[in-house]
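Have a look at the structure below before the remarks.
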Amino acid sequence: MPEGVIMLPTKKTAENIVMAPGAELAGIRFLPAVGYGVLGCHYDRATLLLPEQDQGYGLHSIYNKLTEAIDADSRIEALYRWAATNLTTNKIVPGTLAAVLRSVERNQSLGKLDHSVELSQRQIERIFKQWLDMTPKHYQRILRVKKVIDFLKTHEAVGLADVAQQFGFSDQAHMTREFRAIACVTPGSIQ
């Protein structure tokens with residue numbers, strides 16, 4: 001990879017990255033909708049972002065500050081300052097998408113979303129495809145796996161069959177398949 005501001009594609013599964021010894025990485029990982037809001041497009045492969053493609057969010061400016069920073073604390077402080085200045089969600093994510101995301105995060109049934117946000121099912125699907133580059137159902141699957149991961153990290157002595165039932169999986173095997181498909185690990189490896 002070349003040095004600079006590198007844009008990566010939206011991923012629907014976890015991946016490992018390998019870096020050369022001594023390499024340093026500092027960056028920002030956007031949720032898919034925020035990335036689209038900041039950049040105005042999705043990337044299908046790793047792409048070096050040119051300064052004229054920056055669209056006023058100062059990605060090259062923060063890159064320069066990160067390369068000049070002398071230690072990790074300075075880099076983190078620079079990232080926080082940049083984010084506070086450039087990433088207000090009301091500026092990036094439209095209200096309709098924010099309402100749909102809130103409903104999905106509250107585990108609202110996808111079939112009932114159109115009633116709570118006053119959009120048709122097809123409009124909701126189009127918004128998801130445009131902003132997140134995935135279906136509402138896939139986003140809901142990712143959220144459910146993430147909630148289980150967070151739960152398992154804080155509840156070590158819980159049975160996986162009980163967790164599967166608690167989070168709405170049909171059984172432990174179903175939960176394990178979802179974990180492998182989305183997080184590339186098994187629930188047992190989290191405990």
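What you see is a predicted model, and the numbers here were worked out from it, not measured in a lab.
- Judged purely by distance below 3.5 Å, without hydrogens or angles, the side chains of N64 and T67 never pair a donor atom with an acceptor atom.
- Annotation: side chain of F179 is in contact with side chain of V145 (closest heavy-atom distance under 4.5 Å).
- The CD1 atom of I6 sits 11.5 Å away from the CG atom of L59 when rounded to the nearest 0.5 Å.
- Proximity of Y43 to L8: side-chain heavy atoms (C-beta onward) are nowhere separated by under 4.5 Å.
- The CG atom of L49 lies 5.5 Å from the CG atom of D54; values are rounded to the nearest 0.5 Å.
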Could you go through the side-chain contact (heavy atoms from CB on, under 4.5 Å) check for V5 and L50 one step at a time? CA-CA 8 Å; V5 178; L50 301 174; over 6 Å; no
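- The two atoms that bring G4 and L48 nearest to each other are CA-CD1, 4.0 Å, heavy atoms only.
- At least one side-chain heavy atom of T96 sits less than 4.5 Å from a side-chain heavy atom of I127.
- Here the side chains of F169 and V163 are not in contact, with every heavy-atom distance at 4.5 Å or above.
- For the atom pair F167 CZ and E178 CD, the distance stands at 14.0 Å (nearest 0.5 Å).
- You'll find the side chain of T154 stays beyond 4.5 Å of the side chain of D150, heavy atoms only.
- Around atom CZ of R180, no more than 12 heavy atoms belonging to other residues, nucleotides or ligands sit under 6.0 Å away.
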Apply the test side-chain contact (heavy atoms from CB on, under 4.5 Å) to residues I190 and K153: give CA-CA distance (whole Å), side-chain angles for both, the deciding distance (0.1 Å), then the verdict. CA-CA 7 Å; I190 303 295; K153 286 180 178 178; 4.0 Å; yes
Begin from the C-alpha positions of V158 and L152 and carry the test side-chain contact (heavy atoms from CB on, under 4.5 Å) through to its verdict. CA-CA 8 Å; V158 67; L152 290 174; 3.9 Å; yes
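- Between R141 and A181, the closest heavy-atom pair is NH2-CB, 4.1 Å.
- Between I124 and P136, the closest side-chain pair of non-hydrogen atoms falls below 4.5 Å.
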Under the side-chain contact (heavy atoms from CB on, under 4.5 Å) criterion, do M134 and K129 qualify, and how do the steps go? CA-CA 5 Å; M134 67 182 74; K129 183 64 179 164; over 6 Å; no
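- Annotation: side chain of L97 is in contact with side chain of L132 (closest heavy-atom distance under 4.5 Å).
- Distance NZ/K65 to CD/E77: 11.0 Å, rounded to 0.5 Å.
- Among residues two or more places apart in sequence or in another chain, the side chain to side chain donor-acceptor pair (under 3.5 Å) test is passed with Q53 by none.
- The structure places OG of S74 at 11.0 Å from CG of L79, a figure rounded to the nearest 0.5 Å.
- Annotation: the span from L143 atom CG to H138 atom NE2 amounts to 10.5 Å, rounded to 0.5 Å.
- Salt-bridge formation is not detected for the pair D71/R75: no Lys NZ or Arg NE/NH1/NH2 atom is positioned less than 4.0 Å from an Asp or Glu carboxylate oxygen.
- Atom CD of Q123 is surrounded by more than 12 heavy atoms from other residues, nucleotides or ligands within 6.0 Å.
- Counting heavy atoms from C-beta on, the side chains of L101 and F128 come closer than 4.5 Å.
- For the residue pair G168 and R144, the shortest heavy atom distance occurs at O-NH1, 2.8 Å.
- Within 6.0 Å of CD in E156 there are 12 or fewer heavy atoms belonging to other residues, nucleotides or ligands.
- Using a 3.5 Å distance cut-off with no hydrogens or angles, the side chains of E105 and Y139 do pair a donor with an acceptor.
- Note on V148: it clusters hydrophobically with V185, by side-chain heavy-atom contacts below 4.5 Å among ILVMFWY residues.
- Panel note: side chain T176, backbone H174; no donor-acceptor pair is recorded below 3.5 Å.
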